[in-house]
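Basis for what follows: all heavy atoms, side chains included, without hydrogens, waters or symmetry-related copies.
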Amino acid sequence: DAGITQSPRYKITETGRQVTLMCHQTWSHSYMFWYRQDLGHGLRLIYYSAAADITDKGEVSDGYVVSRSKTENFPLTLESATRSQTSVYFCASIGNGLQEAFFGQGTRLTVV
Amino acid sequence: QQQVKQSPQSLIVQKGGIPIINCAYENTAFDYFPWYQQFPGKGPALLIAIRPDVSEKKEGRFTISFNKSAKQFSLHIMDSQPGDSATYFCAASTYYGGSQGNLIFGKGTKLSVKP
């Protein structure tokens with residue numbers, strides 16, 4: 001199916017553990033993004049990528065790592081999860097020449 | 001830090017009313033101003049967008065008004081329906097430059113339309 005998919009949809013992890021959130025898009029869009037959504041803060045940019053092997057930090061990147069070895073995948077890793085990283089995470093993509101961002105369904109992450 | 005300020009945080013209107021959500025931005029390099037609609041448990045989806053060369057854009061019951069000199073834009077929903085109940089986010093981005101496509105979002109407005 002065409003689109004952008006995130007996995008898992010829900011995740012509970014313990015403080016200090018490493019956890020990876022997956023994002024896959026089927027359009028070959030150049031630009032991909034990770035946002036976190038928290039009540040009262042809206043959507044805040046964590047990392048973005050303009051193409052494979054090109055990534056850059058967003059507003060709230062501390063404690064997160066990304067990679068993009070293939071155009072279609074953009075995993076987000078929390079190196080050592082903290083309770084403050086409990087949030088809903090959204091992946092998005094934008095195609096070249098376009099400005100509409102397409103969002104995944106989100107991953108609800110709880111750090112206990 | 002680039003910012004987009006959105007108000008109000010929440011809004012309750014009766015069916016048929018015209019809710020208005022306002023946003024203000026700082027960076028004059030922004031050249032694309034979309035509104036996203038988000039239903040509970042779903043990702044945001046593009047509703048309507050405007051560029052700064054026009055002052056108004058309508059798509060169905062949704063209208064964006066844009067004031068370039070004031071650096072403000074707003075969303076109007078005509079004849080609002082209970083199905084419009086959702087969270088609305090304004091955003092801004094620049095098309096050119098290294099951060100192409102980076103959407104800077106407002107904090108969102110939770111709209112409830114009462115039957």
Side-chain angles (χ1 to χ4, degrees), chain A residues 3-10 21 23-25 27 29-51 54-62 66 68 74 87-108, chain B residues 1-10 21 23-27 29-53 57 59 64 86-111:
Chain A
I4 183 165
T5 55
Q6 295 183 233
S7 61
R9 290 293 312 278
Y10 303 91
L21 311 184
C23 179
H24 175 79
Q25 51 104 352
W27 298 299
H29 283 172
S30 297
Y31 295 89
M32 296 189 74
F33 308 84
W34 275 105
Y35 289 90
R36 60 177 288 175
Q37 184 173 21
D38 305 287
L39 199 63
H41 291 278
L43 291 152
R44 292 182 292 174
L45 182 65
I46 305 171
Y47 266 96
Y48 65 98
S49 169
I54 301 174
T55 62
D56 209 345
K57 295 179 179 180
E59 177 187 358
V60 290
S61 61
D62 286 349
V66 294
R68 195 162 175 212
F74 191 37
S87 186
V88 180
Y89 291 84
F90 287 100
C91 178
S93 71
I94 297 177
N96 259 347
L98 305 174
Q99 285 184 287
E100 177 177 357
F102 295 88
F103 283 81
Q105 293 279 64
T107 295
R108 181 175 293 276
Chain B
Q1 181 68 38
Q2 298 175 348
Q3 285 189 349
V4 176
K5 295 182 180 178
Q6 182 173 347
S7 63
Q9 276 190 309
S10 63
I21 305 170
C23 284
Y25 63 96
E26 300 174 353
N27 187 350
F30 287 145
D31 60 4
Y32 176 69
F33 302 90
W35 285 89
Y36 280 78
Q37 181 187 55
Q38 184 182 31
F39 293 106
K42 304 291 186 183
L46 180 66
L47 183 64
I48 185 173
I50 197 168
R51 295 185 189 277
D53 53 344
K57 183 175 182 180
E59 286 187 3
I64 299 179
T87 299
Y88 292 81
F89 292 96
C90 63
S93 72
T94 55
Y95 186 77
Y96 298 102
S99 60
Q100 178 180 349
N102 265 8
L103 285 166
I104 308 299
F105 284 90
K107 293 186 177 182
T109 296
K110 186 173 183 180
L111 172 67

- Query: CD1 of B:Ile104 to CZ of A:Arg44: how many Å apart, nearest 0.5 Å?
  - Reply: 12.5 Å

- So, the part of B:Gln38 with a heavy atom under 4.5 Å from chain A: the answer is side chain

- Task: Nearest 0.5 Å please: distance from the CD atom of A:Gln105 over to the NZ atom of B:Lys42.
- Result: 4.5 Å

- Note on the structure: Most heavy-atom pairs under 4.5 Å with chain B, out of A:Gly40, A:Gly106, A:Gly104, belong to A:Gly40

- Message: Is A:Arg108 in contact with chain B via its backbone, its side chain, both, or neither, using a 4.5 Å heavy-atom distance?
- Response: neither

- Residues in side chain to side chain donor-acceptor pair (under 3.5 Å) with B:Tyr88, at least two apart? B:Gln37

- Nearest heavy atoms of A:Tyr35 and B:Leu103, plus distance in Å: OH-O, 2.9 Å

- Which atoms of A:Leu45 approach chain B - backbone, side chain, both or neither, heavy atom under 4.5 Å: side chain

- Heavy-atom nearest pair, A:Gln37 first then B:Phe89, reads NE2-CZ, 3.2 Å

- Can you tell which part of B:Pro34 gets under 4.5 Å to a heavy atom of chain A, answering side chain, backbone, both or neither? neither

- Please name all residues satisfying side chain to side chain contact (heavy atoms under 4.5 Å, CB included) with B:Gln9, sequence neighbours left out, ordered by chain then number. none

